[in-house]
Amino acid sequence: MDFSIPEELAELERQCRRFAEKQLRPRQREVEQTGELAPAVMSAFDSLGLSGLMLPESLGGSADALAAVVALEAVAWGDAGALMALDQVGPAGGALAAWQSHSGGHSYGGGRLVLAMAEQTGATLPEQPPRDSEQPARDSEQLTGVSGEPAGGLVVPYAPGDGLPEALFVLGSTTLAMYPPDALEVSSTRAGAFDACGGMRVEVRDPRAAEMVAIGPSESLAIRARAWSWSSAVLLGIAQASLDHAVAYGRDRIVFGTPVLGHQANAFDLAGAYSGVEAARLATRSAAWRLGMAGPSDAAGGPWLAGLAYLEALRSSLVATDLGVQLLGGHGYMVDEPVEKYWREVRALSLLWGGEGGALDCLAAEVLTSADPLVVPG
Amino acid sequence: MDIQIDEETLKAVELVRTIGREFLRPLGLEADRTNRPIPPDHPFYELVAKSGYMLQGLGSEGRGSSGSERAPAGGASGGGSRRRGGSRGSALRNVLVAEEGSYWDRGAMVSLPGPGLGGPPVLRMGTEAQRERLLAPFRQRERPVWAAFAMTEPGAGSDVARITTRAVRDADGWVLTGQKMYSSNSPRAEWVVVFATLDPALGRDGHRAFVVERDTPGFEILRVEHKMGLRAYETATFALDGCRLPEESLLGGQEYYEASSQRGFEGAMSSFNATRPIIAAMGVGIARAAYDIAAGTLKEDFAPHAFHRRRRALETLVEVRRRIEVARLMCMRAAWLLDCGMPNALEASMAKLYAPPAALAAVQAAAQVLGEAGVLRDSLVEKLARDVKAMDIVEGTQQIQRRVVSKHVVGVLGPSA
């Protein structure tokens, strides 16, 4: 048993935190207004090798889930919007890996990838016949025909300069669909947060261009789990940033002769929020470690734990960012302070990639059969 | 990072599972129904003593197989060596065993013979000779033996610095005078670790820990409490009426307190660093029991037409599982830090802050799934609801844990906080 992260990951975390402190945090408001990241920031991000953490090994990445959540949280602490602009793979890393594995040698050109959950888009993907969830999909199985299409478009964080996405993946319970760029249309839109990145509406112009592969239910859950882990890490980075700012303010600001956080009511709220974020971080890292484990020995199920960790991160970051605004009082509501930005970002992020509802849908279907690691079957 | 539970621990948990199914659950239900603790001469306790279970939780130090030194000043959180990766104790196993035992019955689990909460202070503060003498009966497996711990007084609960039980030293040793309450298993204990003060005006500086042995003149059980739940073991108030104790009853001896004036207080606090994750894990065990009842109901009894209600219940169960699994991770991490000799006061308090409310919510959720059946006296869920509430109180209330966490994070809480 070892709850510490390896020294090389601790060093990666320190590097990402330095990048966030020096390159992202000081310019977060400026970048939010202009939507433009300095070339030096982009090259610094590349030099950290973060995109490689999301990519499958077959595409030259490491697909190290634990390293990814550690690094993403540290960068999101600096500016989550900038992270979204910089990270072209984002939560679609699991889908890309699965697509690579099943479609045989699809190359990745380094462009923007978009992931959508079928239930989120209204797409009706062909259901595959039930089979043993541990059995891999048949080799290179290609499906044809689409019985539905993403309806109403999909709003995603998306830098306008990215052009067309390299691929839109739509994930169903037993099917993964990939829409190539020439099947898509994008138009600029605005979300309530992440202005550093911007938002785009992605629509399918030609549904017949979809390519599909059959995947097992467990693989579908594993792809979602990668997205959950990505979101959890970003949520926690924002939440921690909000708590750090609130603690610094609450130590110095005097009310009724005492620092704001010297009052028990405030200190107790902070203790709850801090513990919640710590709990979510522990769960997120534990789930990522499990996701990195291969083989049937993973009795507890990394994807299952990743889903629970995502819900934990969602709940705790909503609480932490709300407390961040609340402790600052009127100041917290003004754009002069970053906590209002953190507040908006967590609420926007909580809706993307299926959000809470999508996670609950998936996990409710699993809850009665999910294994408890302390109760060994048999 | 590696969060796999090792085989040996899983075997220990499996053993408790067997004991729990056959004995803890039925004995706990019986004690609750009759409102009587399990008697100390119950044959089950003989079996437990012979099985070697009484050594559970003492680790290699308590088992006598290691001559390792006492914990440094401040215990696990007091700047001890930062050994990582090498587990020296059994804290991790303790929390998982406590969880499993409490799954079957937390009251019956606590009633089991062993050093109980008296073990951690003896291990952390006691001299080698004291550890040898006090823990020897538990190694011998001849008969069931209990020990106990006493800190709370009628006028001092969460604020332990306010204890008034007085320790006066004279030429023959020590004389203790005062009253202690909410001491589990003390009526049947061979010895009780009692925290007292040299002078209440000294606050934390005056704290000293003593071992009061059964039959010491002046030691008298005044009252066995009637509790809302957890009726399988006794919780008692006792008097120390001029109890004369030998010099060697001072836990750690005089030299232990010479390093720092607050070592008595710190010893108590470091004991909490070991016991808070255990109490939190007991909450996890009760939550699991409630979860299984609700899940079983949903698997078997739900009418197909109640689709929406079933769907809502499943989502509730997801939330229950979320909190169970996260709480367990927090307990395990706090215990792992302790096993590694690393500071864990913050993590222990966070586990204790998180798990009991999660467990309370789990029991409430199970009762909601059962509907009105969940409030009947014959319902296990109704008993679990009464049992679980105590987990948010003992070893420091939720409010005390918030105080500990906020002091670690912020450090500006005033004396009134």
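Every chain is numbered from 1 and lettered A, B, ... according to where its sequence line falls, protein lines coming before strand lines.
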State whether the number of non-hydrogen atoms from other residues, nucleotides or ligands found under 6.0 Å of A:E8 atom CD is greater than 12. yes

Check this for me, if you would: do B:R276 and B:E347 make a salt bridge, where the nitrogen-to-carboxylate-oxygen distance has to be below 4.0 angstrom? no

Which atoms of A:L360 approach chain B - backbone, side chain, both or neither, heavy atom under 4.5 Å: both

B:R312/B:E315 salt bridge by N-O under 4.0 Å criterion: no

So which part of B:Q399 gets closer than 4.5 Å to some heavy atom of chain A, the side chain, the backbone, both or neither? both

Between A:L12 and A:C16, is there a side-chain heavy-atom distance shorter than 4.5 Å? yes

For B:R323, does its backbone N or O pair with a side-chain atom of A:E312 as donor and acceptor, under 3.5 Å? no

Quick check on A:N266 against chain B: is it the side chain, the backbone, both or neither that has a heavy atom closer than 4.5 Å? neither

Counting heavy-atom pairs under 4.5 Å with chain A, which one of B:T9, B:L96, B:D6 comes out on top? B:L96

Cation over ring face, B:R288 and B:Y103, 6.0 Å, 45°: yes

Can B:R17 be said to sit on top of B:W104's aromatic six-ring, NZ or CZ under 6.0 Å from centre and within 45° of the ring axis? no

Pick one of side chain, backbone, both or neither for A:L66, based on which atoms fall under 4.5 Å of a heavy atom in chain B. side chain

In terms of side-chain geometry, is the basic nitrogen of B:E8 or B:K11 positioned less than 4.0 Å from the acidic oxygen of its partner? no

So if I take each residue of residues 231-247 of chain A and look for any heavy atom under 4.5 Å from a heavy atom in chain B, which residues do I end up with? A:V247

So, the part of B:V409 with a heavy atom under 4.5 Å from chain A: the answer is both

Checking B:L317 against chain A: side chain, backbone, both or neither under 4.5 Å from a heavy atom? both

Side chain from CB out, backbone as N, CA, C, O: work out which of these in A:R285 comes under 4.5 Å of a heavy atom of chain B, or both, or neither. both

Exercise: identify the closest heavy-atom pair between B:V284 and B:R328: CG2-N, 4.1 Å

Using a 4.5 angstrom heavy-atom cutoff, name the option from B:E99, B:R333, B:M332, B:Q401 with the most pairs to chain A. B:R333

Would you call the rings of A:Y310 and A:W228 parallel, tilted or perpendicular, taking 30° and 60° as the class edges? parallel

